[in-house]
Amino acid sequence: MHIQLKSLISELSKLNQTLSRTKILHALVIQNNLSRDPFYATKIVRFYAINNDLVSARNLFDKSPERSIYLWNSIIRAYAQAHRFSDAFMLFKCMLISETEPDSFTFACILRACSEWREIEGLREVHGKVVVSGLGTEFICDSALVSAYSKIGNVEVASRVFYGIDEPDLVLWNTMISGYGCHGDCAKGLQLFSKMREMGVRPDGYTVVGLIMALTDHSLIKVGEAIHGFCFKYGFVLNDHVGSVLVSMYSRCKCMDSACRVFDCLDRPDLVTWSSLITGFSQAGDYLKALIFFRKFMIDGGKSDPVLIASVLAASARLAVVGPGSEIHGFAVRNGYYTELMVSTALIDMYAKCGFLELGIQVFKTKTNTNIIMYNSMISCLGLYGRATEAFQMFNDMIDGEFKPDETTFCGLLCACCHAGLVKDGREYFTMMKNEFGIKAKAEHYVYMVKLLGMAGELEEAYQLIKSIAKPVNSSIWGALLSCCDAHKNYELGEVIAQHLFENKAEISSYSVMLSNLYAGDERWDAVNRLRVENGGAIRKIPGITWIGGISH
DNA sequence: ATAGGGTTAG
């Protein structure tokens, strides 16, 4: 019977572990008086864990008189993987006072749980226990420590652990490199990378993935290309993670040609890789390509998800053509994505930006649950259409729903005031934001306020407001005021501002259009020409045409 | 005998 059970267990391990199979197996084990054997108990605990039946797993564990290290580790891991941190930690504490001592894998598991739950105190505590247990020299513990500390944001301690190791293995090098990577410290990661090679350790796919993670924008594209070249040199296959990571890196950097080249090499790019590419096109301003690739993805039989849907809806919004967006709307409804707030928010925004605010409002009205992002979106959409009263009402609803407004909310409100010329309300919301909600005004808020005051002719007040800002003042803010001076033919104040900008050695090219318009309005053609010469003829706007700068919708 | 340290991305 034992032999039969053994072969049954080994067969079952190969199969898909269903809950019913596990229960049958459990019953068989009990029938044969084997449930006290930690070997079988461990197996069944693991099977229950795979099927998310932690209650049965725990029952079995509690009834096991003899608990091997395997059994302990399995039950702790079961809780940790189910994101039940406190249970996992409690069991770990029980283990410490039991006769079974934790091994490196127990520590690795609990360290990972600490970092996932951002339990910095727990992490420190477990770190201490690792040291006391004498397992601090084990690579498995060390890599778990380095990883946990980096993920929790404490790269300092992570690197201290790392540099305390004589001859780190590949996993440790990779862990530390990606530790620097997820901390955004590209330079340190690269340094470590060359040091690793100097010491004769051959990098693998994990190494480059860790490095590429840190490359977040176009300024680092040269580094990204070098690492890509390195993959070639070492003959890394682009499948698995390396290729996808390169695609998303190039997409993040808006190098869509390179992103496509890598993408074309991939056997079966997954959802996120497609999504990176599609979002990359959108962010690079190629909205049509974004939609075309989405269609390709669908034709290939790809299964979408809310993030991708929201992203293509944003691309349609930027195209400002309602066709594709409403098509995706239908698709979202048919496939159950519509329930996602992320999708409905994107829909509202898309309809509003495509000129169909009413359809956006309809979407909003069908939602029973909302969140702050959706309210913010509604407020700014209504504001954009000049429907300030409704935007204010939306804000009140939001407060009634006990949502806490954030800086975006006030951007929307101030935008609404601007579009409707409501100076008084604008002043009130601006004060409310700072005093009642403790939100510090950012450049966007000042731009709206300056524009609002300035367009109402309160140029001096707008000027004083800017002067009250602690330096440095964003160029859009001065730009907004210059435009207003132009519109109100207040060339005197315009000249004061211009002198101020010149004196402070401001980046005049950022204001050249506004300044030249101002001078043109005053028929000071010599000044217009001087500006033109100083800017290398870069002024493309026709002088004399008012251009309200500073705010991009 | 069992499992058991390091990944990515929108």
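So you know, we letter chains A, B, ... as the sequences are listed, proteins then strands, and number each from 1. Both backbone and side-chain heavy atoms feed into the values below; hydrogens, waters and symmetry mates do not.
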Worksheet item: Between A:D300 and A:K296, is there a side-chain N and carboxylate O pair less than 4.0 Å apart?
Response: no
Discussion item. Considering every strand and a 4.0 Å limit on heavy-atom distances, what is the contact class for A:A144: base, sugar-phosphate, or nothing?
Written reply: nothing
Discussion item. Counting only side-chain nitrogens and oxygens, does A:R112 get under 4.0 Å of the OP1 or OP2 atom of B:dG6?
Written reply: yes
Item to complete: Would you indicate what A:S147 reaches in the nucleic acid, counting non-hydrogen atoms under 4.0 angstrom: base, sugar-phosphate, or nothing?
Response: sugar-phosphate
Worksheet entry | Separation of B:dG5 P from A:I69 CD1 (nearest whole Å) | 14 Å
Discussion item. What's A:S275 touching, base or sugar-phosphate or nothing? Going by heavy atoms closer than 4.0 Å.
Written reply: base
Discussion item. Categorize A:S178 for me: base, sugar-phosphate, or nothing, with a 4.0 angstrom heavy-atom threshold over every strand shown.
Written reply: nothing
Discussion item. Is it the case that the side chain of A:N51 and the backbone of A:D53 share a donor-acceptor pair, with hydrogens and angles ignored and the cut-off at 3.5 Å?
Written reply: no
Response to the item:
Testing B:dA9, B:dG6, B:dG5 for proximity to the side chain of A:D204, the answer is B:dG6
Worksheet, complete the sentence: Among B:dG6, B:dG5, B:dG10, the one nearest any side-chain atom of A:D169 is B:dG5
Discussion item. Rounded to whole Å, please give me the gap between OH in A:Y337 and C1' in B:dG10.
Written reply: 14 Å
Discussion item. Does A:D305 contact B:dG10 through a side-chain donor or acceptor facing the base, at a distance under 3.5 Å?
Written reply: yes
Worksheet item: Side chain of A:Y206: nearest nucleotide among B:dG6, B:dG4, B:dA9?
Response: B:dG6
Worksheet item: Whole Å only: how far is the CD1 atom of A:I212 from the C1' atom of B:dT8?
Response: 9 Å
Worksheet item: Rounded to the nearest Å, what distance is computed from the CD1 atom of residue A:I44 to the P atom of nucleotide B:dA1?
Response: 20 Å
Worksheet entry | Residues in salt bridge (charged side-chain N to carboxylate O under 4.0 Å, His left out) contact with A:E156, at least two apart in sequence or another chain | none
Item to complete: Have a look at A:T42 and say if it touches a base, only the backbone sugar-phosphate, or nothing, with a 4.0 Å heavy-atom cut-off.
Response: base
Discussion item. How many whole angstroms separate atom OH of A:Y48 from atom P of B:dT2?
Written reply: 22 Å
Fill in: Selected nucleotide, minimal atom distance to A:T273 side chain, candidates B:dA9, B:dA1, B:dG4
B:dA9
Worksheet item: Do the two ring centres, one from A:W274 and one from A:F263, sit under 6.0 Å apart?
Response: yes
Discussion item. From CG of A:L71 over to P of B:dT2, roughly how many Å is that when rounded to an integer?
Written reply: 16 Å
Item to complete: Looking at every strand, decide which applies to A:D270 at a 4.0 Å heavy-atom threshold: base, sugar-phosphate, or nothing.
Response: base
Worksheet entry | Listed nucleotide nearest any side-chain atom of A:V209, set B:dT8, B:dA9, B:dG4 | B:dT8
Worksheet item: Considering only side-chain heavy atoms of A:N174, which listed nucleotide, B:dG6, B:dG4, B:dG10, is closest?
Response: B:dG6
Worksheet item: Rounded to the nearest Å, what distance is computed from the OH atom of residue A:Y40 to the P atom of nucleotide B:dT2?
Response: 13 Å
Item to complete: Calculate the interatomic distance between A:Y180 atom OH and B:dT8 atom C1'; express it in whole Å.
Response: 20 Å
Worksheet item: Would A:W173 and A:F162 count as a close aromatic pair, with their ring centres under 6.0 Å?
Response: yes
Worksheet item: For residues 166-177 of chain A, which residue pairs qualify under salt bridge (charged side-chain N to carboxylate O under 4.0 Å, His left out), counting only residues two or more places apart or in two chains?
Response: none
Item to complete: Compare the minimum distances between each of B:dA9, B:dT2, B:dG5 and the side chain of A:L172, then state the nucleotide with the smallest one.
Response: B:dG5
Worksheet item: Among the nucleotides B:dG6, B:dG5, B:dG10, which one has an atom lying closest to any side-chain atom of A:S143?
Response: B:dG5
Worksheet item: Counting side-chain heavy atoms from CB outward, which of B:dT2, B:dG5, B:dG6 is closest to A:L170?
Response: B:dG6
Response to the item:
Which of B:dG6, B:dA9, B:dG4 is nearest the side chain of A:V272? It is B:dA9
